[in-house]
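Everything numeric here is computed off the predicted structure, so don't read it as measured data.
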Amino acid sequence: MSRIGRLPIDIPSGVDITVHGDVVTVKGPKGELQVPIAKPIQVEVADGQIQVTRPDDERESRSLHGLTRTLIANDILGVTEGYSKSLEVVGTGYRVAAKGTGIEFALGYSHPINVEPPAGITFTVEGNNKVTVSGISKQAVGEVAANLRKLRKPEPYKGKGVRYAGEQIRRKAGKAGK
């Protein structure tokens, strides 16, 4: 039995869970999310807890068991507390500024890069080199943060670029002088 999948999920107060066919809907104070449930997995809500079960020990059922439980638990956490990722812009002349609901990067290119947030995501700019991506969906927050980092990945010689807060960049030695 999956160690993660067999654990029940406690439903906090203020969160409403509905199971309709193969979709679990999670409503909370910050919003509403839906989790699709793969075929062999069953989800039951009883006594303020959610229990995820599988019918057999087939390889596919085992792999989906823990995944489904984790996705539901992540959505419950998202609608109650939310998720956020912080990014830092490092480099001479590299900066970020809030522009309306979006943000504008100056990353050493010949033009500024404007980024508008997708639905459910908000950007917060602190100073001129820190950005926080926040939202209720863990997957969406991580994807948007990864796309922002992709605009100018940290390079290994000087460490310039957009990086996650606290990320360690593996540095390389430059050319040896004569």
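Applying the salt bridge (charged side-chain N to carboxylate O under 4.0 Å, His left out) rule to pairs touching residues 149-169 yields R149-E167, sequence neighbours excluded. Counting only residues at least two apart or on different chains, the side-chain hydrogen bond (donor to acceptor under 3.5 Å, both in side chains) pairs with a member in residues 112-123 are T101-E116, T122-S134. Residue pairs that meet the salt bridge (charged side-chain N to carboxylate O under 4.0 Å, His left out) test with at least one member in residues 125-139, sequence neighbours left out, do not exist here. Evaluation of the side-chain hydrogen bond (donor to acceptor under 3.5 Å, both in side chains) test over residues 13-22, restricted to residues two or more places apart or in two chains, returns none. Contacts classified as side-chain hydrogen bond (donor to acceptor under 3.5 Å, both in side chains) and involving residues 70-92 (residues at least two apart or in different chains) are not found.
I76 pairs with exactly one of V26, L71, V35, V24 by the side chain to side chain contact (heavy atoms under 4.5 Å, CB included) rule, that one being V26.
When all heavy atoms of G135 and I121 are compared, the pair lying nearest together is CA-CD1, 4.4 Å. Across all non-hydrogen atoms, the minimal contact from L33 to I136 is CD1-O, 3.6 Å. Scanning both residues, A145 and Y164, for their nearest heavy atoms gives CB-CE2, 4.0 Å.
V133 and V90 are members of different hydrophobic clusters when ILVMFWY side chains are connected at heavy-atom separations under 4.5 Å. V79 and V144 fall into different hydrophobic clusters, where Ile, Leu, Val, Met, Phe, Trp and Tyr side chains are chained together by heavy-atom contacts under 4.5 Å. Hydrophobic clustering of Ile, Leu, Val, Met, Phe, Trp and Tyr side chains at less than 4.5 Å, counting indirect connections, keeps L107 apart from I169. Under a hydrophobic-cluster definition in which Ile, Leu, Val, Met, Phe, Trp and Tyr are linked whenever side-chain heavy atoms come within less than 4.5 Å, directly or via other members, L77 and I4 are assigned to different clusters.
The side-chain contact (heavy atoms from CB on, under 4.5 Å) search around P36 returns none, not counting sequence neighbours. For Q139, the side-chain hydrogen bond (donor to acceptor under 3.5 Å, both in side chains) partners at least two apart in sequence or on another chain are E143. For S61, the side-chain hydrogen bond (donor to acceptor under 3.5 Å, both in side chains) partners two or more places apart in sequence, or in a different chain, are D56. With sequence neighbours excluded, the residues forming a salt bridge (charged side-chain N to carboxylate O under 4.0 Å, His left out) with K99 are E104, listed by chain and number. Remark: Q34 engages no residue in a side-chain hydrogen bond (donor to acceptor under 3.5 Å, both in side chains) (not counting sequence neighbours). Residues that satisfy the side-chain hydrogen bond (donor to acceptor under 3.5 Å, both in side chains) test with Q49, not counting sequence neighbours, are D10. In this structure V115 satisfies the side-chain contact (heavy atoms from CB on, under 4.5 Å) test together with I103, F105, I113, F123, L148, L151, sequence neighbours excluded.
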Go through the steps to decide whether T25 and V23 satisfy the test side-chain contact (heavy atoms from CB on, under 4.5 Å), and finish with yes or no. CA-CA 6 Å; T25 305; V23 175; 4.2 Å; yes
Does I72 form a side-chain contact (heavy atoms from CB on, under 4.5 Å) with V52? I'd like the steps, not just the answer. CA-CA 9 Å; I72 294 170; V52 180; 4.3 Å; yes
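Looking only at distances, a side-chain donor or acceptor of Q51 sits under 3.5 Å from a matching main-chain atom of R6.
No side-chain heavy atom of N129 sits less than 4.5 Å from a side-chain heavy atom of V96. In this structure, the side chains of E44 and I50 stay at 4.5 Å or more apart for every pair of heavy atoms. P40 is not listed as a side-chain neighbour of E58, based on a closest heavy-atom distance of 4.5 Å or more. Within the 4.5 Å cutoff, the side chain of I41 has no heavy atoms near those of the T53 side chain.
Distance CG/D57 to NE2/H65: 10.0 Å, rounded to 0.5 Å.
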